[in-house]
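All values below come from the heavy atoms of this structure, side chains included, with hydrogens, waters and symmetry mates left out.
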Amino acid sequence: ESVNPQVTFTGTVTGQDKNSTQTIGATATATLDIKTPMKLTVTDITVTPNQISEGQEVIVGMTIKNIGDVNAIDVTPKLNFEPETSKLIPSSNPSKQDIPVKTSNNFRWIYKTQAGSNGIYTFTGSASGTDQLSGKIIDSDESKAKLTLQTPTKLTIKSVAVNPSPSISE
């Protein structure tokens, strides 16, 4: 938990009234709260299931937390995978979300796999959002998760034996 420091400014003025020769004065105080900028961190990235066969769907989930003291506006998640291929087809992508101070939001992608996409993939997730106070776009850290995509098992029948052998009668 971060602590927001405060700075207090105090100003004092004094003077002498020309007509009455009395000394007069005034004091004013103003307090300024100093906030930690919005800070996004990827707290979790999951691939479910993490081992599948070609032709199946995989869900990639990412949790992003705002650990700063300012709301994060229009947080846009980013997900890349290596090696790159056109055989993993996104069928749904998450949209932008605001993430208030000290809260998390979940983002989800669904990928359909195609024949020829077997291999081990590494998904790398991150996000960027706008700091509500400064208006600056700030990027998060990255997190990774793996997917093993295998070619489906193919069974072939090589021979069929029937026991006992049928007898043919005339």
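A donor-acceptor pair shorter than 3.5 Å cannot be found between the side chains of K78 and S126. Defined by atom type and a distance below 3.5 Å, a donor-acceptor pair is missing between the side-chain atoms of Q150 and N118. Donor-acceptor pairing under 3.5 Å is recorded for the side chains of N106 and T63. With 3.5 Å as the limit, one finds no donor-acceptor pair spanning the side chains of D17 and Q22.
Of all the heavy atoms in T29 and T8, the pair that sits closest is CG2-CG2, 3.4 Å. Contact between K146 and N50 at its shortest, heavy atoms only, is O-CB, 3.9 Å. When all heavy atoms of S128 and I137 are compared, the closest pair comes out as CB-CG2, 4.2 Å. In terms of heavy atoms, T103 sits closest to I99 at O-CG2, 3.2 Å. Taking every heavy atom of both residues into account, T113 and Q56 meet most closely at OG1-O, 2.7 Å. Among all heavy-atom pairs drawn from Q51 and L147, the shortest one is N-CD1, 4.3 Å.
By the 4.5 Å heavy-atom criterion applied to side chains, L40 and I138 are not counted as neighbours. In this structure the side chain of K102 reaches within 4.5 angstrom of the side chain of D69, judged on heavy atoms.
Within the structure, side chain to side chain donor-acceptor pair (under 3.5 Å) contacts touching residues 135-145 (residues at least two apart or in different chains) are T41-D141, T124-K144. Sorted by first and then second residue, the salt bridge (Lys or Arg N to Asp or Glu O under 4.0 Å) pairs with a member in residues 41-62 form an empty list; sequence neighbours excluded.
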| query | Given the rule in the side chain to side chain contact (heavy atoms under 4.5 Å, CB included) test, do M62 and F123 qualify, once you have shown the distances and angles that lead to the verdict? | reply | CA-CA 10 Å; M62 183 167 49; F123 288 90; over 6 Å; no
| query | What do the steps show when you test F9 against T31 for side chain to side chain contact (heavy atoms under 4.5 Å, CB included), and what is the final call? | reply | CA-CA 6 Å; F9 297 94; T31 302; over 6 Å; no
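Interatomic distance, N105 CG to T43 OG1, rounded to the nearest 0.5 Å: 10.5 Å. Residue I73 holds its CD1 atom at 11.5 Å from NZ of K96, rounded to the nearest 0.5 Å. Here CG of L79 is found 13.5 Å from CZ of R108. Values are rounded to the nearest 0.5 Å.
Grouped with I59 in one hydrophobic cluster are I110, the linkage being side-chain heavy-atom contacts under 4.5 Å among Ile, Leu, Val, Met, Phe, Trp and Tyr residues.
Proximity of a side-chain donor or acceptor of K112 to a complementary backbone N or O of S91 within less than 3.5 Å is not detected. Remark: side-chain polar atoms of D98 are paired, donor with acceptor, to backbone N or O of D74 under 3.5 angstrom. A donor-acceptor contact shorter than 3.5 Å links the side chain of D131 to the backbone of M38.
Remark: E82 CD is loosely packed, at most 12 non-hydrogen atoms of other residues, nucleotides or ligands lying under 6.0 Å away. I120 CD1: 12 or fewer foreign heavy atoms inside a 6.0 Å radius. Within 6.0 Å of the NZ atom in K39, the count of heavy atoms belonging to other residues, nucleotides or ligands does not exceed 12.
Checking each of T46, I45, L88, T48 against V60 for a side-chain contact (heavy atoms from CB on, under 4.5 Å) leaves exactly one that passes, namely I45.
Aromatic rings of Y111 and Y121 (six-membered ring for Trp) have centroids beyond the 6.0 Å cut-off, not under it.
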